[in-house]
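Report on the following structure.
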Amino acid sequence: MARALRLCPSLLVVSGHYRDYSTMSDQVMDRLHRVSGLVEQISIDEAFLDVSDTPEPVEQLARRVQTQIHAELSLPCSVGVAGNKLVAKIATEVGKMSARGDGPPMARTIVPAGAEAAFLAPLPAEMLWGVGPKTAARLAELGIRTIGDLARWPEKDLETRFGEWGRDLARRARGEDLRPVVSEHDVKSMSQETTFARDVSDDKELERTLRDLAAQVGRSLRRSELAGKTVKLKLRWPDFTTLTRQSTLSSPTDDDVEIFQTAVKLLHSVRKSGQPVRLVGVGVSALSEPIRQLGLWDANTDRNRRLQDAVDQLRERYGREIIQHAKTP
DNA sequence: TCTGGGGTCCTAGGACCC
DNA sequence: TCTGGGGTCCTAGGACCC
């Protein structure tokens, strides 16, 4: 039964150490795709591979992948192998942490089927996916410090305290994870934000920044052939409190000006003129394919569209700075 | 890490409709 | 007309991840 394989795949997480180089990322992912048809990239330097259909023994496979990437690309990488994504990810982390010696770690950590809970038990609860500082603190109040502590805690009680999330927590602590490796994720939102070197009080400067961010978001949307229906403004005051305001449009947009105008309206609704701001951001969500309808009233829209395409192309070729908005006096 | 940027998911409340 | 329940959408904020 093919299904059974999905429930217990053998997984590798490869973790490179090249956070700054996206072309490196492409090259590594290219190598990984030769190993398995099912690769899930989870960040610039990490990916899950479903190797349950690969005849080669996983230990040998893991070594081969690691050696190949190191030899061909001069990149160190760590590999974790386990029956599911959760444990494979943690295995990789554990390997990296326990790697000794100079230079970046080249660890291989393999957790055999059935040994998941025992492998996780001594590790700190924060190593579980989804347990950050806040949850860790709440767990510590109960005397729960390791994943083993968590696994021993009555699941019903976790459910009472944490709701649905408590049940997930209990499952994860036992090393259970049924999520399949998926090669493609739909993008849910796109955003751009910037933190100012100093607080900005000038309305015009703020709006210029907003216009620039909106243009960047618009360009990302067009490049991905997506449009968004909800525009979100993010603001951070000098005291670091952060707020968001969003507005849903009547139809999805990928237009710089529409994104900007929506964002600036939101800005005016929460900020008094002259009020200092530390960070400003613009995002677009509720993404779908852009709807382009050309009707009686759309000659103008069509012209804007062609203009925007031309600007995109210029910027693609000569950089973002090549075309600027005329500064308002 | 007195704090960068771009994401995801979850929760909770209110509006609105049937 | 009043009341209530449930579903869905929208909004805002928070926790978390890399």
Side-chain angles (χ1 to χ4, degrees), chain A residues 13-22 24-25 28-29 40-48 77-78 80 85-86 88-90 92-93 96-97 124-140 159 161-169 172 177 179 182 184-199 209 212-214 216-221 223-224 226 228-252 262-263 265-267 269-271 277-288:
Chain A
V13 174
V14 175
S15 179
H17 307 274
Y18 52 88
R19 299 193 142 271
D20 300 329
Y21 309 104
S22 60
M24 278 300 181
S25 178
V28 172
M29 295 306 148
E40 177 177 354
Q41 185 169 3
I42 52 172
S43 72
I44 193 167
D45 66 351
E46 280 180 303
F48 290 119
C77 65
S78 297
K85 294 207 278 194
L86 171 81
K89 173 93 169 88
I90 296 176
T92 312
E93 297 300 318
K96 279 202 285 190
M97 286 187 327
E126 291 99 303
M127 286 195 73
L128 276 185
W129 221 85
V131 178
K134 303 277 177 179
T135 309
R138 282 181 70 187
L139 292 174
E159 215 179 316
R161 291 170 195 273
F162 296 91
E164 190 98 9
W165 162 235
R167 226 173 30 217
D168 272 358
L169 219 46
R172 289 179 198 192
D177 179 16
R179 293 170 304 167
V182 285
E184 276 180 39
H185 283 290
D186 288 341
V187 181
K188 300 283 166 60
S189 66
M190 290 183 175
S191 63
Q192 287 289 325
E193 64 185 63
T194 185
T195 301
F196 297 114
R198 41 164 189 87
D199 299 338
T209 308
D212 201 43
L213 294 170
Q216 290 177 50
V217 171
R219 202 151 67 99
S220 304
L221 287 168
R223 203 185 276 157
S224 317
L226 288 170
K229 204 159 178 277
T230 303
V231 175
K232 185 191 279 195
L233 171 81
K234 179 173 171 181
L235 277 186
R236 181 167 291 156
W237 306 119
D239 70 357
F240 220 75
T241 54
T242 308
L243 61 82
T244 60
R245 288 293 180 274
Q246 66 185 53
S247 173
T248 300
L249 308 169
S250 54
S251 63
T262 310
K265 235 180 261 175
L266 292 168
L267 177 69
S269 75
V270 285
R271 175 183 172 273
V277 167
R278 170 76 54 87
L279 168 152
V280 64
V282 183
V284 166
S285 59
L287 303 182
S288 61

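Please read these numbers as outputs of a predicted model, since none were measured by experiment. So you know, we letter chains A, B, ... as the sequences are listed, proteins then strands, and number each from 1.
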Please determine whether a side-chain nitrogen or oxygen atom of [X] lies at a distance below 4.0 Å from atom OP1 or OP2 of [N].
X: A:Arg245; N: C:dA12; result: yes
X: A:Gln192; N: B:dG6; result: yes
X: A:Lys134; N: C:dG14; result: no
X: A:Ser191; N: B:dG5; result: no

Take atom [atom1] of [X] and atom [atom2] of [N], then tell me their distance rounded to the nearest Å.
X: A:Leu279; N: B:dG7; atom1: CG; atom2: C1'; value: 15 Å
X: A:Ile44; N: C:dC17; atom1: CD1; atom2: P; value: 20 Å
X: A:Gln41; N: C:dC17; atom1: CD; atom2: C1'; value: 15 Å
X: A:Arg278; N: B:dG4; atom1: CZ; atom2: P; value: 8 Å
X: A:Phe196; N: B:dT3; atom1: CZ; atom2: C1'; value: 17 Å
X: A:Trp165; N: C:dG14; atom1: CH2; atom2: P; value: 18 Å
X: A:Arg172; N: B:dC9; atom1: CZ; atom2: P; value: 12 Å
X: A:Leu213; N: B:dG4; atom1: CG; atom2: P; value: 16 Å

What pair of heavy atoms forms the shortest contact from A:Ile44 to A:Met29, and how long is it?
->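 Residues A:Ile44 and A:Met29, closest heavy atoms: O-CE, 4.0 Å.
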Who passes side chain to side chain contact (heavy atoms under 4.5 Å, CB included) against A:Ser247, sequence neighbours left out?
-> A:Thr262, A:Leu266
Residues from residues 234-243 of chain A sitting under 4.0 Å of DNA chain B, heavy atoms only?
-> A:Phe240
Compare the minimum distances between each of [options] and the side chain of [X], then state the nucleotide with the smallest one.
X: A:Thr244; options: B:dG7, C:dG13, C:dT11; value: C:dG13
X: A:Lys188; options: C:dA12, B:dT8, B:dG7; value: B:dT8
X: A:Pro133; options: C:dC18, B:dG5, C:dC16; value: C:dC16
X: A:Ser189; options: C:dA12, B:dT8, C:dT11; value: B:dT8
X: A:Thr195; options: B:dT11, B:dG5, C:dC18; value: B:dG5

Pairwise distance [atom1]([X]) to [atom2]([Y]) - rounded to 0.5 angstrom:
X: A:Lys234; Y: A:Leu213; atom1: NZ; atom2: CG; result: 11.5 Å
X: A:Leu86; Y: A:Arg179; atom1: CG; atom2: CZ; result: 6.5 Å
X: A:Lys229; Y: A:Ser285; atom1: NZ; atom2: OG; result: 10.5 Å
X: A:Asp177; Y: A:Trp129; atom1: CG; atom2: CH2; result: 10.0 Å

Evaluate the side chain to side chain contact (heavy atoms under 4.5 Å, CB included) criterion for residues A:Leu226 and A:Met190: first the C-alpha distance (whole Å), next the side-chain angles of each, then the deciding distance (0.1 Å), finally the verdict.
-> CA-CA 10 Å; A:Leu226 288 170; A:Met190 290 183 175; 4.0 Å; yes
If you measure from the Lys or Arg side-chain nitrogens to the Asp or Glu carboxylate oxygens, is any gap between A:Arg236 and A:Glu193 under 4.0 Å?
-> no
Classify the nucleic acid contact of A:Leu128 as base, sugar-phosphate or nothing, counting any heavy atom under 4.0 Å across all strands shown.
->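 The residue A:Leu128 makes sugar-phosphate contact but no base contact.
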Output, in order, the C-alpha distance, side-chain angles, deciding distance and verdict of side-chain hydrogen bond (donor to acceptor under 3.5 Å, both in side chains) for A:Gln41 and A:His185.
-> CA-CA 9 Å; A:Gln41 185 169 3; A:His185 283 290; over 6 Å; no
Using Watson-Crick pairs (N1 to N3, plus N6-O4 or O6-N4) and G-U wobble pairs, both distances under 3.5 Å, which stems of at least 3 pairs involve DNA chain C?
-> B:5-18 with C:5-18
Side chain to side chain contact (heavy atoms under 4.5 Å, CB included), paired with A:Trp237, selected from A:Asp199, A:Leu243, A:Thr242 |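 In the set A:Asp199, A:Leu243, A:Thr242, the residue that makes a side chain to side chain contact (heavy atoms under 4.5 Å, CB included) with A:Trp237 is A:Leu243.
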